[in-house]
Amino acid sequence: KQWYQRRVAITAGNSGELKHSSLISRYQLDAFIPMLPLEKRHVQQCAEEQLKQRRNKCGCGDDPSCISTRANEIANQIDYSGRFSRSGCKKISTKANLVCPLDRKSEL
């Protein structure tokens, strides 16, 4: 386990944006965990989860095909670099609010 952490730290320190970072040189990072890129199907799964939380506000109820269709619309609005999403699922909540806004009054 230690050899892996050391190897990752060396690799992180020798490549990319972290190469010249003081975070590495000052040992302010405890661990470096690379982000795995998400494909469109993963982004759509994130969108489906967000829409399930808002199902009554979307007019979908428990209809899985309605939720899937709206999730696909959201996933199509995300920027992709080739096969992978540039932002992962970060923007899904904002996009879901445009399709099915949460009623903040009912949450309070």
Side-chain angles (χ1 to χ4, degrees):
K1 187 175 180 179
Q2 288 179 337
W3 68 267
Y4 179 75
Q5 290 177 343
R6 176 143 172 75
R7 181 68 191 148
V8 169
I10 290 169
T11 303
N14 291 332
S15 64
E17 295 177 15
L18 293 177
K19 184 175 183 177
H20 303 290
S21 173
S22 64
L23 290 174
I24 297 291
S25 64
R26 293 182 187 170
Y27 302 104
Q28 293 176 339
L29 286 180
D30 293 334
F32 174 76
I33 303 170
M35 285 184 41
L36 297 175
L38 300 179
E39 296 177 344
K40 183 178 178 180
R41 64 187 171 98
H42 300 119
V43 174
Q44 183 163 352
Q45 290 172 351
C46 292
E48 286 178 7
E49 288 302 315
Q50 285 289 323
L51 293 176
K52 285 177 185 175
Q53 295 174 8
R54 300 166 166 81
R55 66 178 157 243
N56 294 329
K57 291 150 183 86
C58 292
C60 287
D62 291 326
D63 182 11
S65 64
C66 177
I67 291 173
S68 180
T69 300
R70 295 211 179 192
N72 190 42
E73 292 171 8
I74 292 171
N76 285 333
Q77 295 175 14
I78 301 297
D79 293 333
Y80 293 91
S81 177
R83 182 176 171 183
F84 301 105
S85 167
R86 291 184 182 185
S87 61
C89 290
K90 291 183 205 174
K91 298 180 181 179
I92 294 298
S93 180
T94 303
K95 301 285 185 183
N97 281 333
L98 295 174
V99 175
C100 306
L102 282 173
D103 183 12
R104 296 287 180 201
K105 293 177 185 174
S106 66
E107 291 181 351
L108 299 176

Q) Could you walk me through whether N72 and K40 pass the side-chain contact (heavy atoms from CB on, under 4.5 Å) check? A) CA-CA 9 Å; N72 190 42; K40 183 178 178 180; 3.6 Å; yes
Q) Hey, are the side chains of T69 and E73 touching, using non-hydrogen atoms and a 4.5 Å cut-off? A) yes
**Q.** Main-chain N/O of I67 paired with E48 side-chain donor or acceptor, under 3.5 Å
**A.** no
Q) What's the verdict on side-chain contact (heavy atoms from CB on, under 4.5 Å) for E39 and S85, showing C-alpha distance, side-chain angles and the deciding distance? A) CA-CA 6 Å; E39 296 177 344; S85 167; over 6 Å; no
Q) Rounded to the nearest 0.5 Å, what separation is found between the CD atom of Q45 and the CZ atom of R41? A) 7.0 Å
Q) Quick check: are there more than 12 heavy atoms from other residues, nucleotides or ligands sitting under 6.0 Å from NZ of K91? A) no
Compare every heavy atom of [Y] with every heavy atom of [X], then report the nearest pair and how far apart it is.
X: L51; Y: C100; value: CD2-SG, 3.9 Å
X: D62; Y: P64; value: O-CD, 2.9 Å
X: Y80; Y: A75; value: OH-O, 2.9 Å
X: L38; Y: C89; value: CD1-SG, 3.7 Å

Q: Classify the side-chain pair Q50/R54 by whether it contains a donor and acceptor separated by less than 3.5 Å.
A: yes
**Q.** Worked check of side-chain contact (heavy atoms from CB on, under 4.5 Å) between I92 and I78
**A.** CA-CA 8 Å; I92 294 298; I78 301 297; 4.0 Å; yes
